[in-house]
**Q** 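After the C-alpha cells below, expect a handful of questions from me.
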Amino acid sequence: MLDLARLRALHAVSVHGSVSAAAVALGYTPSAVSQAVTKLERETRTTLLERRGRGVALTDEGRHLAATARQLLALVERAETELEERRGQPAGRLVIGAFPSAARGLLPGVLARLAGAHPALDARLLEVDPHLSGDLVSQGVIDLAVTHDWDIAPLAAPEGLERAVIGEDRCDVLVPEGHPLAGREVLGRADLPHHRWICQPPGAVCHDWLVRTLRATGHEPDLAYQVAENHTHIALVAAGLGITLMPRLGRGPLPAGVRAVPLEPVPVRRLFALWRTGAARRPAITETVRTLHEQWPLRTF
C-alpha cells in the first residue's frame with residue numbers, strides 16, 4: 001500500500017523541481033521530504049530521484065509515479081470536499097497562496113478571522129509569484145490563490161479553475177521631498193518622463209506598465225534602479241535617488257521625506273481569488289472567498 005503523504009512529497013518535488021522548494025510549499029523540513037521520498041523508493045523498490053549536479057531530478061519511473069500521485073491527490077480532494085460539504089463546516093487543511101503585498105496587507109486579517117471562526121480549519125499561507133499562482137492551484141500545490149492582474153496584462157484563469165474578483169488596488173507615484181513633482185496635488189502621464197525611475201525588474205507587470213506608458217509619451221524611460229522589493233523602492237526614494245510607482249496595498253507607512261502623489265488616469269491592479277472547479281463546493285473555499293471580500297475594506301496600506 002503506497003503512503004499518500006509520501007506520494008504528496010514526490011508530487012511536490014515534481015512540481016517545484018527541488019526537495020528544498022517542495023519542503024517550503026508543504027511546510028516541512030527538507031530532510032522530512034527527502035525521507036518521505038526515500039521511504040517511497042523502498043516501498044516501490046524503485047529509484048525515483050537521482051542526483052544531478054548539486055540538485056536532484058526525477059527518473060522516468062519517478063515522473064510516472066508523480067503523475068499518478070497527482071490523479072490520486074485529486075481524488076482525495078474530491079472525497080474530502082464531499083465530506084466537508086455534507087458536514088457544512090469549513091475543516092481540514094487549506095493552503096492559500098498570495099503575492100507579497102497581499103500576504104502583508106490583506107491575508108493577516110483573513111487568516112485571523114478564519115482561525116477564530118472555524119477552529120477545525122487549518123488555513124496556511126504560502127507566498128507565491130502571481131504569474132505562477134494559477135499553475136500552482138491547478139497542480140494541487142495550493143488550494144486557493146490570491147493573485148492580481150493589470151489593465152495592460154489581464155490574467156486568464158487556466159482551464160479547470162474558477163475565480164472571483166476581490167477588489168481594485170490603486171497606485172501612486174512616490175517622490176522624495178524637494179523633488180519637482182513633490183508639490184503637485186495630482187500628476188498626469190505627461191509629467192512622468194525626464195525623471196530617474198525606481199522600478200521592478202523586467203518581466204514584472206509594473207515594469208512593463210511603466211515602460212509602455214513612458215514610451216507612449218514619446219520618451220525612453222530612465223530606469224536607474226531595478227529592484228523587486230517594495231521597501232527597497234521606498235528606501236531609494238527616501239534617499240532622493242529617484243521616483244517610483246507603487247500600489248497602495250501593504251505599502252506600509254511612508255517615511256519622512258517621501259510623498260505619495262496620485263496619478264490620473266490612475267493605474268489599477270485587480271485582485272482576485274482562484275480555486276479548482278472540483279473544490280468549488282468545499283465550505284473552506286467558499287468561506288475563505290467570503291472572508292476575503294469581507295476583509296478587503298479593512299486591508300492595510
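Values in this document were obtained by computation on a predicted structure and should not be read as measured data. Atom set for the values below is all heavy atoms of this structure, side chains included, hydrogens, waters and symmetry mates excluded.
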**Q** To the nearest 0.5 Å, how far apart are CH2 in W197 and CG in L241?
**A**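 Between atom CH2 of W197 and atom CG of L241 there are 14.5 Å.
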**Q** Taking C-beta and beyond as the side chain, do L26 and V95 meet within less than 4.5 Å on heavy atoms?
**A**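 Of all side-chain heavy-atom pairs linking V95 with L26, none is under 4.5 Å.
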**Q** Using the side chain to side chain contact (heavy atoms under 4.5 Å, CB included) rule, take E84 and Q89 through it: C-alpha gap first, then chi angles, then the decisive distance, then the call.
**A** CA-CA 6 Å; E84 190 178 324; Q89 293 294 324; over 6 Å; no
**Q** So, does Q226 use its side chain to make a donor-acceptor pair with the main chain of H207 at under 3.5 Å?
**A**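 Between the backbone of H207 and the side chain of Q226 there is no qualifying donor-acceptor contact (under 3.5 Å).
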**Q** Any donor-acceptor pair under 3.5 Å linking the side chain of S34 with the backbone of P30?
**A**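 No; zero donor-acceptor contacts below 3.5 Å.
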**Q** Hydrophobic cluster mates of L298, side-chain heavy atoms under 4.5 angstrom, ILVMFWY only, any path?
**A**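 Cluster partners of L298: none, it stands alone.
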**Q** Can you name the side chain to side chain contact (heavy atoms under 4.5 Å, CB included) partners of A224, sequence neighbours left out?
**A**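 Scan of A224 (side chain to side chain contact (heavy atoms under 4.5 Å, CB included), adjacent residues dropped) gives R196, D222.
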**Q** Mind checking the CG-CG spacing from L49 to L10? Nearest 0.5 Å is all I need.
**A**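 Atom-to-atom, L49:CG and L10:CG are 6.5 Å apart.
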**Q** Could you list the donor-acceptor pairs under 3.5 angstrom formed by side chains in residues 75-82, with sequence neighbours left out?
**A**
unit_1, atom_1, unit_2, atom_2, d
E77, OE1, R276, NE, 3.0
E77, OE2, R276, NE, 3.0
E77, OE2, R276, NH2, 2.2
T81, OG1, E77, O, 2.8

**Q** With the side chain counted from C-beta on, respond yes when V237 and L254 share a heavy-atom pair under 4.5 Å apart, and no when they do not.
**A**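 Side-chain contact under 4.5 Å: no.
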**Q** Under the 3.5 angstrom rule, does the side chain of D135 hit a backbone N or O of L132 as a donor-acceptor pair?
**A**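 No, D135 side chain to L132 backbone: no donor-acceptor pair under 3.5 Å.
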**Q** One pair to check against side chain to side chain contact (heavy atoms under 4.5 Å, CB included): R282 and D143. What are the steps and the verdict?
**A** CA-CA 11 Å; R282 184 183 174 192; D143 300 301; 4.3 Å; yes
**Q** Atom CD in E61, atom CG in L48: separation rounded to 0.5 Å?
**A**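 The distance works out to 8.0 Å.
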**Q** With distance as the sole test, does S14 use its side chain to make a donor-acceptor pair with the main-chain N or O of A66 at under 3.5 Å?
**A**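 The answer is no, because no donor-acceptor pair under 3.5 Å joins these two groups.
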**Q** When clusters are formed from ILVMFWY side-chain contacts under 4.5 Å, directly or step by step, what else is grouped with V186?
**A**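 None; V186 is a cluster of one.
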**Q** Kindly compute the distance separating CD (Q71) from OG1 (T68), expressed to the nearest 0.5 Å.
**A**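 Between Q71 CD and T68 OG1, I get 5.5 Å after rounding to 0.5 Å.
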**Q** Check whether any side-chain N or O of D169 sits under 3.5 Å from a backbone N or O of P247 as a donor-acceptor pair, and report yes or no.
**A**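 The answer is no, because no donor-acceptor pair under 3.5 Å joins these two groups.
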**Q** Does any non-hydrogen side-chain atom of L236 lie less than 4.5 Å from one of V227?
**A**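 In contact.
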**Q** Might you point out which heavy atoms bring L292 and A273 nearest each other, and give the distance in Å?
**A**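 What the structure gives for the nearest pair is CD1-CB, 4.1 Å.
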**Q** For R42, give me all partners under side chain to side chain contact (heavy atoms under 4.5 Å, CB included), at least two apart in sequence or on another chain.
**A**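 Expected list: T38, K39.
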**Q** If you look only at distance, which donor and acceptor atoms sit under 3.5 Å apart when one is on a side chain in residues 96-121 and the other is two or more places apart or in another chain?
**A**
unit_1, atom_1, unit_2, atom_2, d
S101, OG, R269, NH2, 2.7
R104, NE, G250, O, 2.6
R104, NH2, G250, O, 3.1
R113, NE, E294, OE1, 3.1
H118, NE2, E287, OE2, 3.1

**Q** Residues in ring-ring contact (aromatic ring centres under 6.0 Å, His included) with H293, at least two apart?
**A**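 Here no residue qualifies.
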**Q** Just do the side chain to side chain contact (heavy atoms under 4.5 Å, CB included) check on D191 and L263 with the steps written out, would you?
**A** CA-CA 9 Å; D191 298 312; L263 178 63; over 6 Å; no
**Q** Does any N or O in the side chain of W150 come within less than 3.5 Å of the main-chain N or O of P267, such that one atom is a donor and the other an acceptor?
**A**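 A pair under 3.5 Å: no.
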**Q** Quick one: pull up CZ in R52 and OG in S18 and give me the separation to the nearest 0.5 Å.
**A**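 Atom-to-atom, R52:CZ and S18:OG are 14.5 Å apart.
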**Q** Transitive ILVMFWY cluster of V165 at side-chain heavy atoms under 4.5 Å: who else is in it?
**A**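 None, because no other hydrophobic side chain comes under 4.5 Å of this residue.
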**Q** Could you check whether any side-chain heavy atom of R87 comes within less than 4.5 Å of a side-chain heavy atom of L83, counting everything from C-beta outward?
**A**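 The answer is yes, as the side chains (C-beta and beyond) meet within the 4.5 Å cut-off.
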**Q** Can you tell me how far apart OG1 (T286) and CG (L144) are? Round to the nearest 0.5 Å.
**A**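 The OG1 atom of T286 sits 10.5 Å away from the CG atom of L144.
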**Q** Test your reading of the model: is there a side-chain donor-acceptor pair from T46 to the backbone of T44, 3.5 Å cut-off?
**A**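 Judged by distance alone, yes, a pair lies under 3.5 Å.
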**Q** State, with a plain yes or no, whether a side-chain heavy atom of Y225 is found less than 4.5 Å away from one of T232.
**A**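 No, too far: nothing below the 4.5 Å cut-off.
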**Q** According to ring pair (Phe, Tyr, Trp, His ring centres under 6.0 Å), does anything in residues 243-290 pair up with another residue at least two apart or in another chain? List the pairs.
**A**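 Every candidate ring pair (Phe, Tyr, Trp, His ring centres under 6.0 Å) pair involving residues 243-290 fails, so no pair, neighbours aside, qualifies.
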**Q** Mark yes or no for whether Q200, through its side chain, and A228, through its backbone, hold a donor-acceptor pair below 3.5 Å.
**A**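 A pair under 3.5 Å: yes.
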**Q** Given side chain to side chain contact (heavy atoms under 4.5 Å, CB included), test L245 with T213 step by step and report yes or no.
**A** CA-CA 12 Å; L245 179 75; T213 300; over 6 Å; no
**Q** Is the side chain of Q139 donor-acceptor paired with the backbone N or O of V141 at a distance under 3.5 Å, no angle test?
**A**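 No, because the side chain of Q139 does not come within donor-acceptor range (under 3.5 Å) of the backbone of V141.
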**Q** Among residues two or more places apart or on two chains, list those pairs meeting side-chain hydrogen bond (donor to acceptor under 3.5 Å, both in side chains) that have a residue in residues 251-267.
**A**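 Listed once each, the pairs are D172-R251.
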**Q** For the residue pair L136 and V15, establish whether any side-chain heavy-atom pair is separated by less than 4.5 Å.
**A**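 Contact flag for L136/V15 side chains = yes.
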**Q** Is it true that E168 and R170 make a salt bridge, defined as a side-chain N closer than 4.0 Å to a carboxylate O?
**A**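 Looking at E168 and R170, the cut-off is not met.
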**Q** Any ring pair (Phe, Tyr, Trp, His ring centres under 6.0 Å) involving residues 172-194? Give me the pairs, sequence neighbours left out, ordered by first then second residue.
**A**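 Only H179-H195, H194-H219 qualify under ring pair (Phe, Tyr, Trp, His ring centres under 6.0 Å).
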**Q** Give me each pair satisfying side-chain hydrogen bond (donor to acceptor under 3.5 Å, both in side chains) with a member in residues 120-131, each pair once, sequence neighbours excluded.
**A**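 Qualifying pairs: D122-R124.
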